[in-house]
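A short worksheet on the structure shown next.
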Amino acid sequence: MGIKFNFRKKANVDRWQRKMFYASRLFFPGKFFLLSEYDGIKFNRVFLHLCENFKPVERPQFTFHWTFSRKPFSVHAMDAFGKVFVPAQIEGKWMSKWLEEGCFDKRIEEGKEPFCILMPPPNVTGVLHMGHLLNQTLQDVFTRHARHCNRCVTWIPGTDHAGISMQVKVEMELAKMKISRREIGREKFLEHAYAWRNKHGGIIFSQLQKLGVSCDLKNSVHTLDEDYSRGVLSAFVELHKRGYIYRGKRMVNWCPATMTALSDEEVAMVSQRARLYYVKYEIVERPGNFIEIATTRPETIMGDVAVAVNPGDERYENLIGLHCRRPLNSSDIPIIADAAVDKNFGTGALKITPAHDSIDFEIGQRHGLPIIDVLSSDGTLNALAGEEFAGLDRFIAREKTAEKLKKIGALVKVEDYENSIGVSERGNVPIEPRLSEQWFLKYPKIEEAKRAISGGFVKFYPKRWEKTYLHWMENIRDWCISRQLWWGHRIPVWYRKNSNRSDPGNWHVSVEGPADPGNWEQDEDVLDTWASSWLWPLGVFGWPDQEKMKEKDFHYFYPTDILITGPDIIFFWVARMIIAGLEFAGPGKKSLTDGEIKSRIPFKNVYFTGIIRDKLGRKMSKSLGNSPEPLDLIEKYGADGLRFGILLSAPQGQDLIFNEENMVLGRNFCNKLWNAFRFSRMNRQCQPFSKTSLGDILSRVEVQDLDIDDQSILLGLVKFCCAFEKHMKNFEVNAAINTTSSFFWGEYCDWYVEASKVRLREGNETVFAVHDVLMRQLLLILNPFIPFITDELWNFGDSAQRSMQSVRCETAKDLEEAFKALQLKNETMEVVSRLREFINITRRLISQSNGMESRRVLHILPKNPAAREIVNSHMAKLKKLTAMEKIEFTGEVLQFSSAQTPFGVIFLESEKSNTSGEREKITEQIEKISALIKLNETKLGNMEFVNHAPANVVEGVRKMLAENIAKRSELQKILATL
RNA sequence: GGGGAAUUAGCUCAGUUGGUUAGAGCAUCAGCAUGACACGCUGGGGGUCACUGGUUCGAGUCCAGUAUUUCCCACCA
């Protein structure tokens with residue numbers, strides 16, 4: 001076929017245009033040719049008019065990528081087996097097969113090590129996003145890996161009822177039908193909510209199946225399931241009994257949008273541009289004199305009950321104890337002194353509004369001040385704010401009050417000011433510090449929870465998160481667990497009808513409720529979602545029902561092995577689960593021993609993933625619209641390609657920038673694997689892997705037929721498995737996958753396959769067997785990462801199609817044991833690396849003397865007889881890999897371009913000689929090597945170095961020096977003859 | 001205000017307890033239609049390891065400081 005075309009003759013033609021031209025001549029000798037436009041996102045077909053009147057066209061923005069091949073339609077001996085891997089053809093098939101076979105079912109066998117992993121329950125309303133992709137793939141990798149390690153595996157999935165976000169969603173749905181939840185009441189609302197959940201909930205699992213996750217869906221748990229709910233309520237009742245839960249009127253974070261209290265963790269601090277208003281209050285006892293305060297919230301002035309100054313502030317010393325006049329809703333309020341006031345902020349005088357600020361509240365408490373709450377629960381001002389402002393939204397009221405202050409001359413000035421305010425994560429509005437009666441939890445087992453981490457019972461990966469965790473534990477505050485919502489676990493507390501609810505004497509706290517329900521009213525509120533999910537590791541096993549726990553194998557699987565989640569919920573969830581485990585995974589106890597901690601922790605390892613960001617470093621989110629649709633990615637690159645790609649870009653715990661190029665790499669990798677397998681089985685019949693074992697394959701090997709490539713690749717396989725196991729043990733998935741890729745692609749494909757081609761063509765059965773050993777092991781190792789394609793290849797040629805899922809993967813140790821009979825020699829690796837070096841140098845020489853080597857004959861001046869022998873015994877292979885027609889030995893220096901190899905100097909025969917160029921090249925090399933020699937010599941001349949450095953390092957330098965000197969004299973010899 | 005992380009090739013990142021001449025992929029440039037793979041193969045170029053000091057015979061690696069980026073925590077109205 002060789003149409004040769006010398007592009008160099010065409011001046012000023014871009015590379016891509018030359019390629020197109022070349023391609024067009026090859027395939028469409030007429031006037032048109034077809035190519036695919038590829039901009040990394042989508043393919044389009046375009047026609048370009050070329051050839052006859054070929055003119056350079058302006059380079060377009062996208063890059064071109066031609067997708068044809070010289071043999072685009074050629075069909076191989078294995079016609080079922082296309083040369084391009086098409087994921088869509090096999091993915092659906094395998095998922096249903098796995099489910100059919102029950103591959104993901106929980107298994108328990110005596111004497112086997114358990115492995116349990118709990119899926120962080122996605123929101124029941126959730127759909128698959130990029131975060132899940134990473135998180136779930138990682139879990140799946142560990143789960144499938146554990147299956148290959150012969151462990152009894154269960155991966156328990158589930159969903160979270162997602163209190164606020166679910167309720168907001170349902171309310172929005174209802175709003176579309178012009179229904180408000182207050183109108184229809186609690187019961188009806190919950191009916192709607194359940195209906196909605198049953199219809200839309202759990203979509204995520206069908207999406208996850210497309211990704212190939214191998215969780216046990218039959219044992220899926222939902223936080224509102226009957227059993228789980230009973231656990232949540234029992235925990236409440238038990239904690240109340242043990243004195244950790246109390247009801248009280250406190251400052252809480254109030255979300256005016258969803259009208260509920262929130263925990264501190266649900267409030268995010270966001271910096272904003274605000275204004276600082278300076279307002280003067282007239283001193284009652286000294287008319288005409290004023291005290292000036294600074295505030296960002298003039299709308300709360302009507303709630304002022306005092307003005308406070310620092311007791312050490314000389315400016316205001318003589319005012320303490322006097323009164324000033326509140327400018328709005330006029331009233332006289334005292335001027336007090338409190339150390340909490342910062343002299344240096346604003347004017348140094350602080351207006352005290354105990355109902356709307358937590359510092360003010362505390363100051364108010366200290367001075368016995370009254371509380372005037374001017375805000376309603378929805379964030380509007382109420383009657384106490386005065387007629388003028390009542391009913392206004394807090395932000396409108398801010399403007400209005402400022403206007404009014406200006407009008408009455410109380411407003412001194414307004415400054416721009418940047419501060420940070422708490423924002424409700426769900427409602428996405430600023431929260432309001434609000435005094436309200438709520439249920440609080442004083443965390444139990446804090447000391448033990450700290451010890452669980454510092455004592456190494458629970459290990460964090462990466463370790464640095466331990467600090468964050470411990471810091472939170474040090475500064476922990478009581479948890480507000482009640483929510484003014486309907487969707488969730490209703491608080492199991494009943495109050496005697498028409499009684500004072502603040503009096504615990506009127507309470508009934510139990511899971512079942514009072515015996516005479518007619519006389520009681522249940523608390524209206526539900527529990528914080530996290531107050532149910534913190535029991536996840538217990539609840540999924542049926543806690544606290546001992547029978548159910550036995551049935552669900554709590555004692556076998558608990559503590560679970562690894563939790564994989566994002567560091568953003570380290571406080572929300574991870575820390576609290578540890579606390580819950582310590583408190584509840586055993587009989588109630590005030591304090592725990594180390595042994596008890598060890599048995600009560602919910603998981604032994606926590607793997608924190610990074611956050612997926614876009615190219616600009618922004619978090620990927622729906623609202624920003626910067627997140628690709630995961631299902632589209634699966635369609636484009638295949639589930640395997642996507643999994644591979646995402647793992648490739650996910651170093652442990654480091655945020656990762658999403659790069660679609662990695663998915664391309666993943667897809668390419670799968671294709672390479674596909675083709676490597678295709679090649680290894682080409683033109684021959686052999687047992688599918690599903691029907692054969694390592695022993696079967698090894699029995700096909702004739703030991704005397706093993707050449708050095710076979711030996712060194714098998715030894716390399718053991719070494720690689722060793723490294724792989726180490727990475728997996730340390731949860732370094734990224735490193736594991738990199739090691740695998742470089743062994744498979746770099747060692748197996750690039751070297752061994754090429755090197756063994758000659759013998760393969762001769763039909764050497766031993767070589768076939770070695771290929772099978774490698775392919776088999778690689779498929780087993782890769783299966784957790786790319787399950788679909790590996791299972792397909794594993795079963796190739798087997799009509800039964802049984803998943804490789806639970807086939808035990810040989811460890812490095814197993815392989816070593818099995819290879820003993822092959823008598824592999826370690827020194828073969830060394831020889832092979834020299835052969836590879838020889839070939840590389842030769843190829844470089846050919847490439848450098850581009851066009852000069854018309855004869856393709858290589859002469860070697862062998863270093864010694866041993867080198868000569870090695871070259872001789874690998875002649876066919878060397879010729880093939882260097883594309884030489886002839887490789888000959890010579891006894892003298894030749895006048896061709898030369899290079900130094902481990903076996904001696906080589907000379908590339910050519911028609912034209914270029915002695916001056918050669919001389920220049922060699923002189924340059926001599927200079928370079930002389931510099932190195934000098935470096936080595938100074939090092940060795942330094943007695944400090946020789947005395948201090950370890951012997952092997954010094955020895956290494958000595959050896960290098962000797963080698964360099966030898967090389968240099970060789971070069972000098974060549975130079976002399978030129 | 002406190003704490004963590006990052007800074008290595010044009011881009012995305014590896015880099016073991018300090019030890020030969022700092023690696024990979026992508027991109028780029030040059031060559032290639034070779035019975036597995038152009039989603040491929042071969043080769044080349046490209047780095048003052050953010051900066052400044054220190055420890056050491058020896059620092060990308062350890063220490064201190066600076067700069068930039070970033071995340072978390074925190075009740076200055």
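For the numbers below, each heavy atom of this structure counts, side chains included, while hydrogens, waters and symmetry mates do not. A, B, ... follow the sequence lines: proteins, then strands. Residue 1 opens every chain.
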Quick one: [X] [atom1] to [N] [atom2], roughly how many Å, whole number?
{"X": "A:R843", "N": "B:C41", "atom1": "CZ", "atom2": "C1'", "value": "8 Å"}
{"X": "A:R464", "N": "B:U70", "atom1": "CZ", "atom2": "P", "value": "17 Å"}
{"X": "A:F669", "N": "B:G25", "atom1": "CZ", "atom2": "P", "value": "14 Å"}
{"X": "A:I359", "N": "B:A74", "atom1": "CD1", "atom2": "P", "value": "14 Å"}
{"X": "A:F945", "N": "B:A59", "atom1": "CZ", "atom2": "P", "value": "12 Å"}
{"X": "A:I611", "N": "B:A5", "atom1": "CD1", "atom2": "P", "value": "16 Å"}
{"X": "A:L940", "N": "B:C57", "atom1": "CG", "atom2": "P", "value": "17 Å"}
{"X": "A:I612", "N": "B:C71", "atom1": "CD1", "atom2": "C1'", "value": "16 Å"}

When we call it a touch if two heavy atoms are under 4.0 Å apart, what does [X] touch: a base, just sugar-phosphate, or nothing?
{"X": "A:P950", "answer": "base"}
{"X": "A:N840", "answer": "sugar-phosphate"}
{"X": "A:D342", "answer": "base"}
{"X": "A:Y417", "answer": "sugar-phosphate"}
{"X": "A:H471", "answer": "sugar-phosphate"}
{"X": "A:I570", "answer": "nothing"}
{"X": "A:N662", "answer": "nothing"}
{"X": "A:L665", "answer": "sugar-phosphate"}
{"X": "A:F571", "answer": "sugar-phosphate"}

- Task: Record whether the side chain of A:K672 comes under 3.5 Å of the base of B:C37 through a donor-acceptor pair of N or O atoms.
- Result: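 Flag set: donor-acceptor pair detected.
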
Inter-nucleotide [atom1] distance ([N], [M]), Å rounded:
{"N": "B:U17", "M": "B:A6", "atom1": "P", "result": "15 Å"}
{"N": "B:G18", "M": "B:U56", "atom1": "C1'", "result": "9 Å"}
{"N": "B:U42", "M": "B:A36", "atom1": "P", "result": "14 Å"}
{"N": "B:A22", "M": "B:C49", "atom1": "P", "result": "10 Å"}
{"N": "B:C13", "M": "B:U8", "atom1": "C1'", "result": "9 Å"}
{"N": "B:A77", "M": "B:G4", "atom1": "C1'", "result": "29 Å"}
{"N": "B:U52", "M": "B:U61", "atom1": "P", "result": "13 Å"}
{"N": "B:G44", "M": "B:C26", "atom1": "P", "result": "15 Å"}

Can you establish whether the number of heavy atoms outside [X] located under 6.0 Å from its atom [atom1] is more than 12?
{"X": "A:E474", "atom1": "CD", "value": "yes"}
{"X": "A:E635", "atom1": "CD", "value": "no"}
{"X": "A:K967", "atom1": "NZ", "value": "no"}

- Message: Just by distance, no angles: are the side chains of A:D304 and A:Y281 close enough, under 3.5 Å, to form a donor-acceptor pair?
- Response: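 Yes.
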
- 5' priority, RNA chain B, between A:F85 and A:H948 [closest heavy atom]: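 Nearest-nucleotide comparison on RNA chain B picks A:F85.
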
- Task: Hey, which sits more toward the 5' end of RNA chain B by its nearest nucleotide, A:E944 or A:L276?
- Result: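 Nearest-nucleotide comparison on RNA chain B picks A:E944.
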
Pairing check on [N]: which nucleotide meets the Watson-Crick or G-U wobble criteria with it, both distances under 3.5 Å?
{"N": "B:G43", "value": "B:C29"}
{"N": "B:U70", "value": "B:G4"}
{"N": "B:G60", "value": "none"}

- Are A:K413 and A:E415 ion-paired here, with the side-chain N under 4.0 Å from a carboxylate O?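 Answer for the salt bridge query: yes.
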
- Message: Check this for me: does any side-chain nitrogen of one of A:K726 and A:E732 sit under 4.0 Å from a carboxylate oxygen of the other?
- Response: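 No, this pair does not count.
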
- Task: Over 60° means perpendicular and under 30° means parallel, so classify the ring planes of A:F85 and A:W674, tilted if in between.
- Result: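 Tilted, since the angle between the ring planes falls between 30° and 60°.
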
- Message: Does the plane of the ring in A:W745 sit parallel, tilted or perpendicular to the ring in A:F669? Use 30° and 60° as the thresholds.
- Response: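 The arrangement is tilted - the two ring planes meet at 30° to 60°.
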
- Item | Candidate nucleotides B:U21, B:A77, B:C57, ranked by approach to the side chain of A:T296 - the nearest |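 Nearest to the side-chain atoms of A:T296, counting from C-beta on, is B:A77.
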
- Check step by step if side-chain contact (heavy atoms from CB on, under 4.5 Å) holds for A:I336 and A:I363. CA-CA 10 Å; A:I336 58 171; A:I363 295 176; 3.9 Å; yes

- Query: Which residues, if any, of residues 956-965 of chain A bring a heavy atom under 4.0 Å of RNA chain B?
  - Reply: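 The answer is A:M960.
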
- Item | Residues in contact with RNA chain B, drawn from residues 743-759 of chain A - heavy-atom cutoff 4.0 Å |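 RNA chain B contact set from residues 743-759 of chain A: A:W745, A:C749, A:D750, A:V753, A:E754, A:K757.
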
- Item | Phosphate OP1/OP2 of B:G3 contacted by A:K467 side-chain N/O (<4.0 Å) |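 Looking at the OP1 and OP2 atoms of B:G3, neither is under 4.0 Å from any side-chain N or O of A:K467.
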
- Task: Establish, with yes or no, whether the OP1 or OP2 oxygen of B:G44 is under 4.0 angstrom from a side-chain nitrogen or oxygen of A:R844.
- Result: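 True: A:R844 side-chain N/O within range (under 4.0 Å) of B:G44 OP1/OP2.
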
- Message: Counting the benzene-type ring for Trp, do A:Y748 and A:F743 have ring centres under 6.0 Å apart?
- Response: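 No, the ring centres sit 6.0 Å or more apart.
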
- Examine A:F460 together with A:W465 and report whether their ring centres are nearer than 6.0 Å.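 No, too far apart.
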
- Task: Report the C-alpha distance between A:L858 and A:T842 in whole Å, list the side-chain angles of each, state the deciding distance to 0.1 Å, and finish with yes or no for side-chain contact (heavy atoms from CB on, under 4.5 Å).
- Result: CA-CA 9 Å; A:L858 194 70; A:T842 311; 3.7 Å; yes

